[in-house]
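Single-structure report; data block below.
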Protein chains: 2
Amino acid sequence: MKQEINIMDVAQLANVSIATVSNVINGKGRVSSLTEKRVRKAIDELGYAPNLLARNLKTKRSGLIGLVVPTVKPGRLKDNPFYWDLLAGVEEYARERDFHIILSGFDEAEESFEFVKERQLDGLIIVGTGEQSSAIDKVLALNIPFVFVDNYLMNPDLYQISLDDRLGGWLATKHLLDLNHRKIAVHIGDIPLERIHQFGVLHERWNGYRLALEEAGIAYDASLMIQLPTSIEGGQEAAEWLAQHSDVTAIFSFSDIAAIGILKGLKERGIKVPQDKSVIGFDDLYMTAFTSPPLTTVSQNIVVKGIAAAQLLFHQIENSSHYSRKVVLPVELKIRETTGWLSKD
Amino acid sequence: MKQEINIMDVAQLANVSIATVSNVINGKGRVSSLTEKRVRKAIDELGYAPNLLARNLKTKRSGLIGLVVPTVKPGRLKDNPFYWDLLAGVEEYARERDFHIILSGFDEAEESFEFVKERQLDGLIIVGTGEQSSAIDKVLALNIPFVFVDNYLMNPDLYQISLDDRLGGWLATKHLLDLNHRKIAVHIGDIPLERIHQFGVLHERWNGYRLALEEAGIAYDASLMIQLPTSIEGGQEAAEWLAQHSDVTAIFSFSDIAAIGILKGLKERGIKVPQDKSVIGFDDLYMTAFTSPPLTTVSQNIVVKGIAAAQLLFHQIENSSHYSRKVVLPVELKIRETTGWLSKD
DNA sequence: TTGAAAGCGGTACCAC
DNA sequence: GTGGTACCGCTTTCAA
């Protein structure tokens, strides 16, 4: 009913064998241009479209790649525009190659990746959950091309896309230091500081922060690490913290979304940015150019990240060699208006 | 290599026929619990996962549904967090039923939906392009279950999910009128007013606006319709327009993203909200609760929209009857702080 | 240059 | 309860 016409119908109409039709479709074998014309005509007339299930069953390729993203609430995709941008990049690249994307949420606990085998996916892109993922071994066992995004896995054999997070952390901190700030708080997110090394992205940004401090001869002060959720609300709480610490003149948030909350929280408390406190974020979300004041932040191009991931994946799928298994994408400091010079006392 | 073990291997190990293995997997036919145990054990030991390509080839179902969203730049998914929320809803519902989502951008011009037939998709969700889509006929010709989201198609046979846009328009306008505003501008988006009827969503919001006006005995004034892009930048331009029209005391933007721009533009010009101008948006993006001041807006739940679309689609796929082919989701006015009482002169 | 036929890995009907 | 086997729609030898 759904798919009534098949290669047989075409063959009959064109008065050839199904093998010939197949050859025409795939441009293989020798087919006289006359026959080809007849076949093409038949295809058109019938509105025939080959059944990829059948084709793929035979060829062992599915033309499908999986994009696995973390979920927050069980069963629901993580609520962050970041993923959409990433998806856009992957989809764009894949579509040009006639691949499609299957998107799947990932419940850390009970994900078996069965669907990858079941659907014969040709490749897999796994987006970091923040924490060292328990999924790695499962993914390796699948024995198909894959790419990890933002995962910071210490295995050199794995294909990985990441950001120059450390440089980002360094740039942000350096910028603040150059503006004469000395006590710089860091909003790291809702994780215990002792476990930050498990969260590659955060850890690297934090390393960049410490490095810049060290270069400036300033001692690292763990009491300046604010452990609050990466959300607008978390940012607002961080603002409260700032209000209570008048000696702290600047804050570096590892995420724009929280920086937005910080800005808002400070404003509500009558604390002026950047006169009283400087604020710097990370990500360069579309919105942040339009906060008031516009947010100074470390910028990354997420769509490009998606494209890069797809690229690295296809290098494997197509067996083209790649110079490296790790791709580190650049960051850029976008100085806008939430950071300002601190006059000495 | 990729998928080495198949149903035969399981059958051999368990010392049964492949038919029996199939029965166990699908819970069909009578299988003695002893045999079943043996088979399950073999499956476990081998780590067997059935090849869905083969199964689906036979059963004519793919367990796949397509989500088609518009693209902006050719080849790139539309840059709007809205779609991610929608996707989250669809994915959640589908996953519970062991379906997967194939996501595809949609180039108005040259989309043939071939992939739907090729991949034997079981259903299709098409998200509105704003304009009456040229895709309708193509989709109908596919002869598979489908749902249009936000498309306002005038064919009663089509399954459609939409929002109570008209009520939203009415609520927003009524709210402004109740606050004593009389000259209310509307930022409709970057389309000529003459063609607004082609854009269902906008048209309905606009209808709601006119209705509220009419009920209040106020004449509609086309010169109050601002035709600028639906973007932050467009909103900023709208603010400029407002600055030049001091008799206009309120503005209703059909989109939060533009409302954010309006807020920003007004602030830059020293125009106070809501003292000088009232602003109201539409969508209730996550961000808008955190603008300053927090934006009054018409709220919709986009994840629920995705779930509703999936639901309607599965009603068709599973052949369960549904009371209606059209589902209209509710809106809600969220009064925050950008709208205020207008003292008479 | 073309066609016959053997799979790909399952499902499901029908015997036993 | 269990197994034999004819498909599903296509690709791919191999022969003609």
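Just so it is clear: chains get the letters A, B, ... in the order the sequence lines come, proteins before strands, and each one is counted from 1.
- In terms of the side-chain contact (heavy atoms from CB on, under 4.5 Å) criterion, residue partners of A:Arg97 (sequence neighbours excluded) are, by chain and number, A:Tyr93, A:Phe99, A:Phe314, A:Glu318.
- Atom P of nucleotide C:dA4 and atom CE of A:Met8 are separated by 10 Å, given to the nearest angstrom.
- Checked against C:dT11, D:dG9, D:dT11, the side chain of A:Ser22 finds its nearest nucleotide in D:dT11.
- Within the 4.0 Å cut-off from OP1 or OP2 of C:dG9, at least one side-chain nitrogen or oxygen of A:Lys60 is found.
- Rounded to an integer number of Å, the gap from CD of A:Gln12 to P of D:dG9 is 13 Å.
- One atom, CG of A:Leu53, and another, C1' of C:dT11, lie 14 Å apart when rounded to the nearest Å.
- Side-chain contact check for B:Gln120 and B:Lys60: no donor-acceptor pair (N or O, by modelled atom type) lies under 3.5 Å.
- Residue A:Asn51 contributes atom CG, which lies 14 Å from atom C1' of C:dG10 at whole-angstrom precision.
- Partners of A:Arg38 under the side chain to side chain donor-acceptor pair (under 3.5 Å) rule, at least two apart in sequence or in another chain, do not exist in this structure.
- Side-chain atoms of B:Tyr48 and B:Asn6 form no donor-acceptor pair, as typed in the model, at a separation below 3.5 Å.
- To the nearest angstrom, C1' of D:dC10 lies 15 Å from CZ of A:Arg61.
- Applying the 4.0 Å criterion to OP1 and OP2 of C:dG9, one finds that B:Asn6 has a side-chain N or O inside that range.
- For the side-chain contact (heavy atoms from CB on, under 4.5 Å) test, residues two or more places apart in sequence or in another chain that qualify with A:Gln316 are A:Pro145, A:Val147, A:Tyr159, A:Leu313.
- Not counting sequence neighbours, the partners of A:Ser22 by the side-chain contact (heavy atoms from CB on, under 4.5 Å) test are A:Ile7, A:Asn26.
- Contact annotation: B:Asn26 side-chain N/O to C:dT11 OP1/OP2 distance is under 4.0 Å.
- Residues meeting the salt bridge (Lys or Arg N to Asp or Glu O under 4.0 Å) test with B:Glu96, sequence neighbours left out: none.
- Under the rule for a salt bridge (Lys or Arg N to Asp or Glu O under 4.0 Å), A:Lys326 has no partner lying at least two apart in sequence or in another chain.
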Can you build the contact string for nucleotides 2-7 of chain D? Use B for base contact, S for sugar-phosphate-only contact, and - for no protein heavy atom under 4.0 Å.
BBBB-B
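- Nucleotide D:dC10 holds its P atom 3 Å from the OH atom of A:Tyr48, rounded to whole Å.
- Relative to the axis of its first five pairs, the axis of the last five pairs of the helix from C:dT1-D:dA16 to C:dC16-D:dG1 sits at 40°, rounded to 10 degrees.
- Listed candidates were C:dG9, C:dA12, D:dG9. Nearest to the side chain of B:Lys28 is C:dA12.
- Note: CG (B:Asp9) to C1' (C:dG10) measures 13 Å, nearest angstrom.
- For A:Ala19, the side-chain contact (heavy atoms from CB on, under 4.5 Å) partners are A:Ser17, not counting sequence neighbours.
- At whole-Å resolution of the value, CD1 in B:Ile25 and P in C:dA12 are 12 Å apart.
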